[in-house]
Amino acid sequence: MGLKHTYIILLIISFLGGACSSSKWVVVDQYATDRNDFELLDSEFFLARTGEITPNNPIAFYELKAANTFEYAQRVQTDRYIQRYTPSLRSILIGSIGAGLATVSAVSTDNPGFAENILYATAGFVVLTSFLNMNPTGEPTYTGETRLLRKTGTIQETDTVTTDPIAGVVPSYTIYDSQEILALGNDIPFINGRYTINLLDGLNPETFEYGTDEFVTLEIIFNDQIYVEEIPLASIFERFVVVSSEVTALRDEPVLDSRSILTDLAEGSQMKLIEEDGLWYKVSYGISETYIAKNDAYLIWRPSEFASQLSIITIPNIPFGNVDVESGIPVLSERNDDTFVLLVANREYQGALSERPYAERGARLIEEYLQTSYGIPTENLVKSLNIESQQQLVSAYNRFANLVRNNKKQLVIYVSGYVESGGNDQVFLLGTNDGNEANRINLNSFFSGISQLPVEELVVFLDLDNIEDQSAQVNLKLAEQIQSNNPNAAVIFSSSENQRSRNYSTPNGDQKRHSIFTYFVADAIKNGATTVSEIVNHLQRNVDYTSRRLHEAPQQILFIGNPEIRLIK
């Protein structure tokens, strides 16, 4: 093969293989860490809290960790890269021109042979050289190969890992409430890779009064270290509602309306709290969300499992007429046009006061007996329920006073509600709105007006529930106020100044659906009582005895005035 053909072959090869690549080692880090050249300097063991504490899982978990400090060598790090190259078009163009000139010279030489071959060889060399002048294409490609060379220094690093228990080293714990120790543990078990503290093992929920202690302090001592954590009681226990009043209504809506009542609950009933809703507790009753007035219950902390052993004491909703004293009312007088009646009863208390569930029913009971037994016509009766202010009582008084404008024979007054005393030993009936001072109703002033009405006889039944111990003089002064303008009066108090007027109702026993006092006033009339003395004697025999039997608390009636007044004419 001649040089001419060799030139042509080289030219073709150069075009076909015009691109190439090469590799090189590049220094990327003067202080790269050599993970294979290390020394363990120190290990520190500690506890780390894991997981969440909930009432369904009141357990505190702690993992045992080791913080290991190592010293690593630092070295020069080089990485291997590959770079692609392609021929320079300018070099190829110049080389091709030079090769073309050499080729033309070889073809046109007058001395073929050696000179011709030299020119062809020169043309091929020029072409090949032009292709060897290449430019890099794209970024170098990392091959993944790394070399660590000479040592340049050291570095310390700490690595935290989960580890197994240390022989002979066991954590202990203490649970505090303020400064009081509630629980101790000297040997915390290691279960499934964690130290485990069951908070229910050491805590008694009855220790905590709701609203005062919202968290406990857990202190753990381990390996000469102290770990302290405040744990909310809401993470350990759940909140349950306990009925504190003798009777409270369970409602399907948070409103004081008899139509919202589902049933009545007795004192001691327990229900799981869903949430607080203003003046109400929203509680679970079966699968329903229901409501209890806050002032009729209190909250307690209990374990979640307490929900399976709740005591819910329901009181059947007995319609009026189904209690013994509400039926078989005797007729003792055909008609009594000369007696007039004013009934005042407060049931729907709000704020800090419990609802008085039987107040309206009690007023209705007295109304039934006065009308049926004593023959007092409906038009002679004024009834005012759930009054909030002095103005409302004055309005009721004015309506009543219009009935007795002319001289009348007899007035009968019945008042039922919460009372407290004020300055000068006055007695205040509390309005149903919220019982604050602005809604206190002065009974002394009210009865001063009653005593001045033009009547011959005045009989007053006061079913007053004292929310606090009163002065020993308040009942006496109120009675004197009633008798001040009408000495022919009789006043009967349901209890003394420092006693409560209680209900004739127990969770698993008697359910008379009335206050003890009102029940036995009606019961006396049912048994034929027609004079004040007969009613008082019946009350004295039964009220205190029944209160002590049902509630283990005294309730002694107080009578002041003329016992000979007859209630039928």
Side-chain angles (χ1 to χ4, degrees), residues 340-346 349 353 356 359 362-363 366 382 384 387 389-394 396-398 400-401 404 410-432 435 437 439-453 455 457-502 515-518 521 532-533 535-536 539-540 543-544 554-563 565:
F340 292 79
V341 177
L342 174 62
L343 303 174
V344 177
N346 280 359
Y349 280 96
L353 299 174
R356 302 180 71 246
I366 296 299
V382 173
S384 184
I387 60 175
S389 64
Q390 187 87 36
Q391 181 178 359
Q392 287 181 304
L393 186 59
V394 169
Y397 168 83
N398 289 336
F400 185 63
V404 294
Q410 188 178 80
L411 299 184
V412 176
I413 313 295
Y414 171 85
V415 179
S416 173
Y418 287 119
V419 293
E420 65 181 9
S421 61
N424 299 321
D425 290 329
Q426 294 184 319
V427 178
F428 291 90
L429 177 69
L430 301 185
T432 56
E437 186 170 350
N439 294 312
R440 298 197 306 173
I441 301 164
N442 193 319
L443 289 183
N444 295 74
S445 175
F446 168 71
F447 280 112
S448 176
I450 291 290
S451 69
Q452 297 179 47
L453 293 175
V455 295
E457 299 173 340
L458 178 59
V459 179
V460 180
F461 297 94
L462 296 176
D463 191 359
L464 306 181
D465 192 357
N466 303 297
I467 64 172
E468 59 185 20
D469 288 349
Q470 314 289 349
S471 164
Q473 301 298 315
V474 294
N475 284 356
L476 180 60
K477 287 197 173 184
L478 181 59
E480 290 176 350
Q481 190 79 61
I482 295 171
Q483 294 177 304
S484 60
N485 294 300
N486 192 338
N488 197 22
V491 184
I492 309 170
F493 291 90
S494 61
S495 64
S496 65
E497 297 87 347
N498 57 0
Q499 296 172 350
R500 301 297 300 268
S501 180
R502 301 183 181 277
S515 72
I516 296 174
F517 175 77
T518 299
V521 170
V532 169
S533 63
I535 294 175
V536 169
L539 294 174
Q540 289 175 334
V543 171
D544 186 56
Q555 182 179 334
Q556 298 166 329
I557 72 161
L558 176 64
F559 168 68
I560 300 171
N562 181 5
I565 298 175

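For the numbers below, each heavy atom of this structure counts, side chains included, while hydrogens, waters and symmetry mates do not.
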Requested in this report: Verify side chain to side chain contact (heavy atoms under 4.5 Å, CB included) between Lys477 and Val474, making sure each step is shown before the conclusion.
Outcome: CA-CA 5 Å; Lys477 287 197 173 184; Val474 294; 5.9 Å; no

Requested in this report: Apply the test side chain to side chain contact (heavy atoms under 4.5 Å, CB included) to residues Phe447 and Val415: give CA-CA distance (whole Å), side-chain angles for both, the deciding distance (0.1 Å), then the verdict.
Outcome: CA-CA 11 Å; Phe447 280 112; Val415 179; 4.1 Å; yes

Report task. For the pair Val341 and Tyr414, evaluate side chain to side chain contact (heavy atoms under 4.5 Å, CB included) and give the outcome as yes or no after the intermediate values. Result -> CA-CA 8 Å; Val341 177; Tyr414 171 85; 6.0 Å; no

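At a threshold of 4.5 Å between non-hydrogen side-chain atoms, the residues Val412 and Ile366 do not count as touching. The side-chain heavy atoms of Phe461 and Thr518, taken from C-beta on, include no pair separated by under 4.5 Å. Between Leu478 and Leu462, the closest side-chain pair of non-hydrogen atoms falls below 4.5 Å.
Rounding to the nearest 0.5 Å places CZ of Phe340 at 11.0 Å from CG of Leu453. Leu343 CG to Ser416 OG: the interatomic distance, rounded to the nearest 0.5 Å, is 10.5 Å. For the atom pair CG of Asn486 and CG of Leu411, the computed distance is 8.0 Å after rounding to the nearest 0.5 Å. Gln392 contributes atom CD, which lies 7.0 Å from atom OG1 of Thr432 (distance to the nearest 0.5 angstrom). From Leu464, atom CG reaches atom CD of Glu497 across 11.0 Å, with rounding to the nearest 0.5 Å. Within the model, atoms CG of Asn562 and CG of Asn488 stand 5.0 Å from one another, a figure rounded to the nearest 0.5 Å.
The two residues Leu430 and Tyr349 make their nearest non-hydrogen contact at O-OH, 2.7 Å. The shortest heavy-atom contact between Ser501 and Ser495 is N-OG, 4.3 Å. When all heavy atoms of Leu458 and Ile413 are compared, the pair lying nearest together is CD1-CG1, 3.9 Å. Contact between Gln483 and Ile560 at its shortest, heavy atoms only, is OE1-CG2, 3.8 Å. Contact between Leu539 and Ile557 at its shortest, heavy atoms only, is CB-CD1, 3.5 Å. Contact record, Phe493 with Asn475: CZ-O, 3.3 Å, taken as the closest heavy-atom pair.
Partners of Asn398 by side chain to side chain donor-acceptor pair (under 3.5 Å), not counting sequence neighbours: none found. Scanning for side chain to side chain contact (heavy atoms under 4.5 Å, CB included) contacts around Ser445 gives Asn442, with sequence neighbours left out.
Checked against Ser515 for a side chain to side chain contact (heavy atoms under 4.5 Å, CB included), the options Asp463, Val543, Asp465 give a single hit: Asp463.
In this structure, the side chain of Glu457 does not engage the main chain of Ile565 through any donor-acceptor pair within 3.5 Å. Listed for the Gln556 side chain is no donor-acceptor partner under 3.5 Å among the backbone atoms of Asp544. At distances below 3.5 Å, not a single donor-acceptor pair connects side-chain atoms of Asn444 with backbone N or O atoms of Gln481. Using modelled atom types, one side-chain atom of Asn466 and one backbone atom of Gln499 make a donor-acceptor pair closer than 3.5 Å.
Around atom CD of Glu468, more than 12 heavy atoms belonging to other residues, nucleotides or ligands sit under 6.0 Å away.
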